[in-house]
Amino acid sequence: MESINIRVGGEAGQGIATVAKIISELVIQKGYSIFSSKEYMSQIKSGHNFHNIRISNQQVSADVNKINILVAINKESIIKHHQQVNEKGIVLYDSSINIDDIIPKQNVNYIPINVKEIENEIKGKNLNNIIYIGSIIKLFNIPLSELIEILENKFKNKPEIKSALIKAAELSYNNFNVLTEIKLPEIKEEKQLIKLFNGNEIIAKAAIDSGLTFHCQYPMTPVTGILHSLSREATKNDNLTVIQPEDEIAAINFALGASFAGARSMTASSGGGFALMTESISLAGMAEIPLVIIEGQRPGPATGSPTKTEQGDLNFVLNAGHGDFPRIIIAPGCIKEAYLETKRAFHLAEKYQLPVIILIDKHLAESIKSIKFSEKDYNFLKEELSIKRGIINETEIKQNQLNKNNLFKRYKFNSDSYLRSIPGNENGIFTCTGDDHDETGCITENPKCRLEGIERREKKLKQILEELDKPKLIGPENADLTVVSWGSNKGAILEAVENINNKTDSEQNKKINVLMVKNMFPFKIEEITKILNSSNKLVLIENNQSSQLNQLIKKETCIDIKDKILRFDGKTFTVDNVYDELIKRIN
Amino acid sequence: MVELQSFNKNEKPSWCPGCGNFAISLATKKSISELNIKPKDSVLVSGVGCFAKLPYWIKSYGFVGLHGRSLPVAQGTKLANKKLTVIAYGGDGDGYGEGGNHFIHACRRNVNITYLVHNNSVFGLTTGQYSPTSKQGKVSKSSPLGAKESPLNPIALAISSGAKFVARGYAGDINHLTGLIKKAIQFEGFAFIDILQYCPSFGHDIKYYNERVYRLEDNFHDSSNKILALQKAFEIEENKNDRLAIGVFYKSQ
């Protein structure tokens, strides 16, 4: 895949996010696809942070190791990253940085940018980000007017800042006259409506498109972005209530109370906050309350590395909550899947009235990707989401759904469908409860009721299993090697595998295919077993230490994948990491 | 007019004979029916403890959730449908111990719900341990040498956390309690009533409370004055006669 990889490094608070954002916006307007990830430290000012922006004329969904353009806002960024710049690549750095003591890498062009000079000329401060952007777009042959248009829009209401930014952009654009061999790849496709989303934003969008009316979340990295997106949305959407409560226990109980009252309801957290919610997840299972929970993993245990990425919570999420009760756990692998699966989560939560957990990680939550939205995506489950909510109104309640005291049999035994009533409904009175209960929700210690209740709840799993997507192999059938993985590793794995499968040299004609496990629970035992049994050779890729997907596969299918590629240093897999590991295994 | 009987259920409560919960349950039914609120429009939310079974025996929508968590559920319910009358119940262990954090923040948040805490200063369902409102020195199964902690002051805590309607009721005075609950439901905002409750099995009996309880309204208390309300709230710790005031301590105008 032809691509250009830009890395912008600096201290927190130096505006590196702005550089990444504006460049991304500029290139997607021209029809390019981007993938942008970030690595940052858990502090607000200083520390070392960087963003990657990978630009391609094909769909791009993962990071690579090699850098074409390094924007080093401080000296540390040169020292830390210039060895990764590839041949004929460039380093743009602030000319006030003294680089005499840095041994330059061969065939890399170190280009000083006169940040201070430009700032002095227009008597402005903190303009370094726009100055770098001006230089980069000149290098890409993007007309200055396109940058100015973005600035005009972004800073409509701040005329002073806007004019300083535009002047700085003009000066840096005109001053930059270095010839390089870096070129954006040629656009093959027609321009399309492409939008930038990170995982958090796409989940917020999916929730809104699913008819979300209540969101309650305590801030926690890496899913705080969901709270931000939805809080913004609530200012212009009268049907949406967003609450930031005192803690995660409150968050989930607010959401359960709202769902009980008929709201389409959601909460989100990372491992630590999710841990606080576990007793209430068990309550949602017992009381059969629909709820969507987003779990964004980061490296644990305890506080771990709050701003890094890992897939270490799968075991925990599978087992969170005391007692036996059904739940659904879905782990989307990319931004588009995060959209579709979040919608599915809302649909399944209400149809089967249980907790549905969308399991993502920091790499998916906070990486930005350009995606094309089709009508088909937008309409996914649209009808189901608008009508089939399991809520019954008073005229629909039949005599056989009422007990002799005219209470609604909310928890009807021996029933295949799950109908609920919401407060305000005249004939629908019942008690929503975490105690063992009779059909109307009244507490009972009658063992017959307990057994009937368990059967009613557990039966859901079988029905759900039939409704979930069948697992499918990606790539050629009968491949020499099958990669098994899950979640956000998908982008890097698919690109690496494609690179290997497309290799044309004579000695290498072995093929690889990929199984991304998405439905963690209920688990498609039969289909997965069949796929694994029919593969020639298996290798597992996971972003954790104890190969938690393999533990699940072993438990459900009795197949143990011995060959494992595991990473758990807080970073995600790049295309290169996966490529190098897989090549070793097929040669 | 909504008849009191329309809130009756066939099931028989499992509380001990002589339990204060019967009185609080009756006061709840009387308050809602006298305010003309229908069973279909009222939601009673509780947690875990003897008190928490109350929603099972009143015909209205109910939510019996987890220990200490009735407040977040009740606030979520109210925010999702503002037409509902939502009453959250707590116990002294459930609401002041396990759910103490939710209590403080519900006072600050001022969502329009009523919060009734059945306060009998003892854990009933777990058979008689000292609770957050037990007096210092209380001897129980879990405090054989006497409780070391000083008791929590719910009224003072509520006022200083920003609650705008703060009252104390008494299970042994149903008419007075009904009056308080009606005021609390009608109050536009978070309304809190700490309800003194006798426990025939593990706590103080009805005689203990009858000897100590007096009505604030008979004592010219100015409930619009926050500082006076706080002073009154601390009486329980200071006065030597061991008197217990009931009525509205503080109501924001």
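Below, each value reflects all heavy atoms present in this structure, side chains not excepted, and no hydrogens, waters or symmetry copies. Quick note on labels: first sequence line is chain A, next is B, and so on, each numbered from 1.
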Side chain / backbone / both / neither for Leu84(B) at chain A, heavy atoms under 4.5 Å: side chain
First locate atom CD of Glu279(A), then atom CG of Leu66(B), and finally report the distance between them rounded to the nearest 0.5 Å. 4.0 Å
Please round to the nearest 0.5 Å and tell me the distance separating atom NZ of Lys59(B) and atom CG of Asn406(A). 5.0 Å
By salt bridge (charged side-chain N to carboxylate O under 4.0 Å, His left out) - contacts of Lys40(B) (at least two apart): none
Contact part of Cys216(A) toward chain B, heavy-atom cut-off under 4.5 Å: side chain, backbone, both or neither? neither
Taking non-hydrogen atoms and a cut-off under 4.5 angstrom, which of residues 16-35 of chain B neighbour chain A? none
Side chains of Phe63(B) and Ile289(A), heavy atoms from C-beta outward: is any pair under 4.5 Å? yes
Validation row: Ile243(A), Gln75(B) side chains within 4.5 angstrom (heavy atoms): no
Nearest-0.5 Å distance, CD1 of residue Ile58(B) to OG1 of residue Thr431(A): 10.0 Å
What option among Arg109(B), His67(B), Arg108(B) has the most heavy-atom pairs under 4.5 Å with chain A? Arg109(B)
Minimum side-chain heavy-atom gap Ile443(A)-Lys53(B) below 4.5 Å: yes
How long is the span from the OG1 atom in Thr241(A) to the CG atom in Leu79(B), to the nearest 0.5 Å? 6.0 Å
What do the steps show when you test Lys38(B) against Glu426(A) for salt bridge (charged side-chain N to carboxylate O under 4.0 Å, His left out), and what is the final call? CA-CA 9 Å; Lys38(B) 291 179 182 158; Glu426(A) 181 102 48; 5.2 Å; no
Taking side chain as everything from C-beta outward and backbone as N, CA, C, O, which of these in Ala287(A) sits under 4.5 Å from a heavy atom of chain B? Side chain, backbone, both or neither. neither
Side chains of Asn425(A) and Tyr61(B): does their closest heavy-atom pair fall under 4.5 Å? yes
Nearest heavy-atom neighbours spanning Pro72(B) and Asn253(A): CB-CB, 3.6 Å
